[in-house]
Visitor: 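My structure is below; once you've seen it, I'll send some questions.
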Amino acid sequence: MNTTAPAATAEAVETAGKGHRAVGADRAARELELRRGEFELAAQLGHIRTITTAGATTAGSTAGTALGRRQVTRQEIDRLRAAEGFPDTLRERVRTVGTAEGAALMPVSPGRFTRLARSGFLVPVRFYLNRYRAVVWLYLADELRSFAAREPALLTGRFPRPLRAGLEAGEDWRPRNWRGRRIGQLLRESGDPWERAAIAGCVLDPVQLAELVADPYERAYLERLRPDLGHGRPESEAARTAVQRLLVADHPDEIQWHRSSLDTLLTAARHTRPAPRPGNSPRHAGGPAPRYDGTGPAPAPAPGPTGPESGPTAVAHESTAVAHGPARAGGHRGLLTRLRVRRERGHRAREQGAVVRR
């Protein structure tokens with residue numbers, strides 16, 4: 001994963017778009033004769049160049065998604081519409097297929113296609129849950145054809161022994177490869193240091209994140225900037241659980257990779273500006289990320305280690321400690337001090353009364 005700031009993505013594209021009239025994502029999709037999902041995927045893959053909202057004169061609607069703050073210039077729309085084979089060529093670039101159709105494209109059996117995907121040779125670009133809440137992976141048709149032309153030896157004959165051993169052990173690279181691909185797309189779209197750190201850390205579980213980010217206000221800021229890797233929110237609890245398993249890194253190598261990436265990006269973000277705190281909200285440096293001004297919920301406490309003290313009780317104790325930190329000095333502590341002094345005075349008065357009666 002590239003953890004350096006993008007050289008020619010956010011700022012360069014934004015600068016190139018200044019002075020050009022731009023339209024929102026919905027309108028751009030209509031003019032390019034793409035469905036909304038096709039448009040989003042084309043933008044993520046770089047087939048459609050977008051600019052940040054701040055760098056264009058708006059003329060159209062924007063959506064409430066990560067793509068919603070990005071727009072397309074009239075010049076870019078004209079370029080794509082003038083391309084040979086429009087709109088079929090553009091649609092084919094973002095055409096996605098499942099296992100059965102993908103196997104027919106290569107061509108291999110559906111079983112071999114699944115083995116190739118589980119072994120990491122075929123990288124999913126999207127997924128969805130079917131009515132049985134099973135994960136259905138989608139692949140780019142263009143990439144499948146390219147792989148078949150590049151690796152014909154893997155399409156026929158016995159599967160290599162090391163790959164068979166991994167499959168027999170239950171190895172499945174599809175979730176890991178999809179997460180890596182999606183994070184790479186988001187990093188290319190973002191030029192804000194804190195937003196990039198939030199992208200790198202979004203696949204780490206809360207305990208991993210707390211180990212790397214001890215400051216509760218930094219964690220709150222990263223949580224506020226956290227991207228939604230999936231597409232929409234499943235309605236049922238069972239579906240949300242199934243999707244959540246795909247959004248969290250679960251392999252030691254993958255976890256270490258994202259921890260290292262987060263550490264690098266977080267260092268760069270801290271050098272750019274500190275995370276906002278109540279009463280000290282720094283001005284945003286022009287990046288696309290939202291600002292935390294201290295008016296939202298209190299920063300989430302760091303999850304403790306698993307064990308008898310973890311869970312709601314431990315979190316309640318730690319949230320109390322955070323709430324009574326230096327930011328609240330003189331408030332709640334002042335009241336406790338007054339009560340303690342009053343109690344001590346009453347105790348001394350009772351002692352003096354007992355001495356007099358003697």
Side-chain angles (χ1 to χ4, degrees), residues 1-2 5-97 123-128 137-146 177-192 195-196 199 227-232 286-289:
M1 182 188 302
N2 180 16
T9 53
E11 290 189 12
V13 175
E14 180 177 342
T15 302
K18 287 183 177 179
H20 294 283
R21 189 168 177 267
V23 300
D26 289 335
R27 181 168 170 181
R30 290 195 301 270
E31 295 196 23
L32 293 173
E33 302 181 35
L34 298 174
R35 293 190 294 269
R36 182 54 192 261
E38 293 174 330
F39 177 86
E40 289 180 357
L41 188 54
Q44 291 169 5
L45 296 173
H47 299 317
I48 299 175
R49 294 194 292 263
T50 60
I51 62 172
T52 58
T53 304
T57 303
T58 61
S61 63
T62 57
T65 64
L67 190 63
R69 64 170 178 257
R70 306 193 72 83
Q71 299 180 323
V72 183
T73 64
R74 175 61 54 191
Q75 183 181 27
E76 175 69 0
I77 292 176
D78 292 342
R79 180 187 72 83
L80 292 168
R81 290 181 62 88
E84 184 178 356
F86 175 85
D88 296 336
T89 303
L90 183 57
R91 285 176 181 161
E92 185 60 25
R93 289 180 182 175
V94 295
R95 183 164 75 93
T96 58
V97 296
V123 181
V125 71
R126 279 191 170 173
F127 73 88
Y128 68 91
W137 295 104
L138 298 176
Y139 307 83
L140 287 172
D142 262 358
E143 289 185 354
L144 298 182
R145 284 190 291 261
S146 298
N177 280 344
W178 171 77
R179 286 189 293 265
R181 178 175 209 154
R182 186 73 187 101
I183 288 176
Q185 293 169 348
L186 291 170
L187 286 174
R188 286 192 298 272
E189 292 175 0
S190 175
D192 178 69
E195 189 177 65
R196 288 169 61 79
I199 292 169
D228 183 10
L229 290 186
H231 302 281

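The figures that follow rest on heavy atoms only: side chains count, while hydrogens, waters and symmetry mates do not.
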Visitor: By salt bridge (Lys or Arg N to Asp or Glu O under 4.0 Å), which residues pair with D88, not counting sequence neighbours?
Guide: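 With sequence neighbours excluded, D88 shows a salt bridge (Lys or Arg N to Asp or Glu O under 4.0 Å) to R91, given in chain and number order.
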Visitor: What do the steps show when you test R95 against D142 for salt bridge (charged side-chain N to carboxylate O under 4.0 Å, His left out), and what is the final call?
Guide: CA-CA 8 Å; R95 183 164 75 93; D142 262 358; over 6 Å; no
Visitor: Would you say that more than 12 heavy atoms from the other residues, nucleotides or ligands in this model lie under 6.0 Å from the CZ of R79, or not?
Guide: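 Counting neighbours around CZ of R79, more than 12 heavy atoms of other residues, nucleotides or ligands fall under 6.0 Å, so yes.
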Visitor: Using the side-chain contact (heavy atoms from CB on, under 4.5 Å) rule, pick out the option among E76, Q75, R74 that qualifies with D78.
Guide: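 Filter result, single survivor: R74.
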Visitor: Search all heavy atoms of G24 against all heavy atoms of Q71 and return the closest pair with its distance.
Guide: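 Shortest heavy-atom contact: CA-CG, 4.2 Å.
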Visitor: A side-chain contact here means heavy atoms from C-beta on lying under 4.5 Å apart; do E38 and I48 qualify?
Guide: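 Of all side-chain heavy-atom pairs linking I48 with E38, none is under 4.5 Å.
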Visitor: List the atom of F39, the atom of L32, and the distance in Å for their closest heavy-atom pair.
Guide: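 Shortest heavy-atom separation between F39 and L32 comes out as CE1-CD1, 4.1 Å.
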Visitor: Dump the intermediate steps for side-chain contact (heavy atoms from CB on, under 4.5 Å) on L90 and H47, then the final yes or no.
Guide: CA-CA 8 Å; L90 183 57; H47 299 317; 4.2 Å; yes
Visitor: List the steps, then state whether side-chain contact (heavy atoms from CB on, under 4.5 Å) holds for R93 with L45.
Guide: CA-CA 9 Å; R93 289 180 182 175; L45 296 173; over 6 Å; no
Visitor: With side-chain contact (heavy atoms from CB on, under 4.5 Å) as the test, pick out the partner of I199 among D192, L229, I183.
Guide: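 Of the listed residues D192, L229, I183, the side-chain contact (heavy atoms from CB on, under 4.5 Å) partner of I199 is I183.
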Visitor: Could you check whether any side-chain heavy atom of R188 comes within less than 4.5 Å of a side-chain heavy atom of Q44, counting everything from C-beta outward?
Guide: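 Side-chain contact under 4.5 Å: no.
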Visitor: Is there a side-chain contact (heavy atoms from CB on, under 4.5 Å) between R81 and E33 once you walk through the steps?
Guide: CA-CA 9 Å; R81 290 181 62 88; E33 302 181 35; 4.0 Å; yes
Visitor: Indicate the atoms forming the closest heavy-atom contact of R36 with A25, along with that distance.
Guide: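 For R36 and A25, the tightest heavy-atom pair comes out as NH2-CB, 3.7 Å.
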Visitor: Could you tell me which non-hydrogen atom of E92 sits nearest to which non-hydrogen atom of A141, and how far apart they are?
Guide: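 That closest heavy-atom pairing would be OE2-CB, 4.2 Å.
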Visitor: Of the non-hydrogen atoms in S190 and E195, which two are nearest, and what is the gap between them?
Guide: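 What the structure gives for the nearest pair is OG-OE1, 2.6 Å.
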Visitor: After noting the C-alpha distance and the side-chain angles of T96 and L140, does the key distance pass the side-chain contact (heavy atoms from CB on, under 4.5 Å) rule?
Guide: CA-CA 5 Å; T96 58; L140 287 172; 4.2 Å; yes
Visitor: Please state whether the rings of W178 and F127 are parallel, tilted or perpendicular, taking 30° and 60° as the class boundaries.
Guide: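 The arrangement is perpendicular - the two ring planes meet at more than 60°.
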Visitor: Would you name the heavy atoms of V72 and A28 that are closest together and state the gap between them?
Guide: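 Residues V72 and A28, closest heavy atoms: CG2-CB, 3.9 Å.
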Visitor: What residues form a side chain to side chain donor-acceptor pair (under 3.5 Å) with Q185, not counting sequence neighbours?
Guide: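 Result, side chain to side chain donor-acceptor pair (under 3.5 Å) vs Q185: R182.
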Visitor: Indicate yes or no for a side-chain donor-acceptor contact from T73 to the backbone of I51 under 3.5 Å, with no hydrogens or angles considered.
Guide: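 Not a single qualifying donor-acceptor pair exists.
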